[in-house]
Trainee: 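Take this structure, written in structure tokens, and hold onto it; I'll ask about it next.
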Amino acid sequence: MTRPSRVVIDKQALKHNLQRVREYAPKSKVMAIIKADAYGHGLARVAQTLNNADAFGVACLEEAEELRAANVKNTIVLLEGPHKSIDLSRIAELHLDVVVHNESQLEMLEQATLDKALQVWIKIDTGMHRLGFPIDKADEVLKRIKNCTNVKQTPKLMTHFATANEQANLLTKNQLKRFNLFCEELDYEKTMANSAAVINFPETHADWIRPGLMLYGVSPMKEGSASDHGLKPVMTLESEIISVQHLSKGDSVGYGATWCCPEDMPVGVIAAGYGDGFPRHAKSGTPILVNDVRCSLIGRASMDMLTVDLRNQPDAKIGDKVVLWGESLPIEEIAQYADTIPYELMCGVHKRLGFVERG
Ligand SMILES: *Cc1c(COP(=O)(O)O)cnc(C)c1O
């Protein structure tokens, strides 16, 4: 890699965050959510670092294949369940657990001929209205699961919250109430909580929690950042200054000439852009660390380059270190400047970047 831009993954921070998660929910098992290439951090890398997680949750069979190929032995749950009936034999071979969330998956399971019974997690829709059986169908689903020889006779039960990051939103309490009412008499393991619920709603912890975002050291709340919850950022996006310009008052910077110098000033060029996953919609004023000092993005992000106001770092020179998010610069803040959420920024880091592990 000759390009100076890179992603640094702090494995120590990752382990610390899992520990922190366990402190939040000491009685629950942890299904670490590592879909979407572990939120951009590298699927196998994260699974191997968090090898004491009680299970991993992934979105699809390809991700599970990658984990098994990397010799990951933990329980793996396919969060969207099987997509096609021909996948089922492979799912059994790889010892994967499956979520079952709709009629068509139920039929697939009923009609399959498998060597081995699968562990299923029945997903109930309590108000998110995305995946899951409606509550009034759930009894019938349970009955059919009981009669299905392709699945183990102790299903687990799950639901997912729509608004757990908003402490005052009544929907979470309602979802919890509906789920509990349905589960009351059922002696099966249950799971509800994503990261936001782990932090905001201890009453939802149940047998299993399903944290994603917080493992990566990012706050799931609308306000504040990870350190408020004792979490440490895992991903740092770094680059370097590759040019410094001394511009005059009134000079415009970059495509569209959208930003003009209010005075004579130094402007730095950074070797990273939207082709690396930096959000093109980041506004002028988005903080960027140059030599650990806060400076501001100016003008439009280009594919491979960004321009930065160096008035706070007038002596900055070619080769100086730049941090775009991560350690000392919360990704939550960058997401706000780009009208998006940290999830999207992390998932969007491009594989053209070199990944470096630390810790
Ligand atoms: C992605 C996902 C999670 C994790 O959500 P976070 O907000 O990242 O903690 C939990 N459960 C399911 C079903 C998911 O799809």
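All ligand and atom numbering here is 1-based and tracks the order in the structure.
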Trainee: I'd like to check whether A196 has a polar contact with ligand 1, where a contact means an N/O of the residue lying under 3.5 Å from an N/O of the ligand.
Mentor: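 By distance alone, the answer is no.
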
Trainee: Between R90 and E93 (salt bridge meaning N to carboxylate O under 4.0 Å), is one present in this structure?
Mentor: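 Yes, charged N to carboxylate O under 4.0 Å.
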
Trainee: Can you establish whether the number of heavy atoms outside H281 located under 6.0 Å from its atom NE2 is more than 12?
Mentor: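 Open: at most 12 neighbouring heavy atoms sit under 6.0 Å from NE2 of H281.
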
Trainee: Indicate the ring-plane relationship of Y24 and H229, choosing parallel, tilted or perpendicular according to the 30° and 60° boundaries.
Mentor: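 Rings of Y24 and H229: tilted, as their planes differ by 30° to 60°.
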
Trainee: Could an N or O of ligand 1 be found under 3.5 Å from any N or O of R210, whether backbone or side chain?
Mentor: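 Right, the criterion is met.
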
Trainee: Are any of the N/O atoms on L79, whether in the backbone or the side chain, positioned under 3.5 angstrom from an N/O atom of ligand 1?
Mentor: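 Checking ligand 1 against L79, no N or O pair falls under 3.5 Å apart.
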
Trainee: Looking only at protein heavy atoms, which one is nearest to atom 12 (C) of ligand 1, and what is the separation?
Mentor: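 For this ligand atom, the closest protein heavy atom is H160 CE1, 3.5 Å.
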
Trainee: Does any N or O atom in Y343 lie less than 3.5 angstrom from one in ligand 1, N or O only?
Mentor: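 It does: an N or O of Y343 is found under 3.5 Å from an N or O of ligand 1.
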
Trainee: For ligand 1, which atoms have a heavy atom of L213 less than 4.0 angstrom away?
Mentor: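 The list of qualifying atoms is 6 (P), 8 (O), 9 (O).
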
Trainee: Please report which non-hydrogen protein atom sits nearest to atom 9 (O) of ligand 1, along with the residue it belongs to and the distance in Å to one decimal place.
Mentor: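 Result for atom 9 (O) of ligand 1: S195 OG, 2.5 Å.
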
Trainee: Tell me, which protein residue and heavy-atom name are nearest atom 1 (C) of ligand 1, and how many Å apart are they?
Mentor: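 Nearest neighbour among protein heavy atoms for atom 1 (C) of ligand 1, to 0.1 Å: K35 NZ, 1.4 Å.
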
Trainee: Can a salt bridge be assigned to the pair K232 and E327 using a cut-off of 4.0 Å between side-chain N and carboxylate O?
Mentor: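 Looking at K232 and E327, the cut-off is not met.
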
Trainee: Determine yes or no for a side-chain-to-main-chain donor-acceptor pair under 3.5 angstrom, with T159 supplying the side chain and D125 the backbone.
Mentor: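 No, the answer is negative, given that no donor and acceptor are paired below the 3.5 Å cut-off.
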
Trainee: List the steps, then state whether ring-ring contact (aromatic ring centres under 6.0 Å, His included) holds for H41 with Y216.
Mentor: CA-CA 8 Å; H41 293 65; Y216 307 101; 4.5 Å; yes

Trainee: With a sphere of 6.0 Å drawn around CG of D115, does it hold more than 12 non-hydrogen atoms of other residues, nucleotides or ligands?
Mentor: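 12 or below, so no.
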
Trainee: Can you sort out which atoms of ligand 1 are near Y39, meaning under 4.0 Å from one of its heavy atoms?
Mentor: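 Counting atoms of ligand 1 from 1, those under 4.0 Å from Y39 are 1 (C), 4 (C), 5 (O), 6 (P), 8 (O).
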
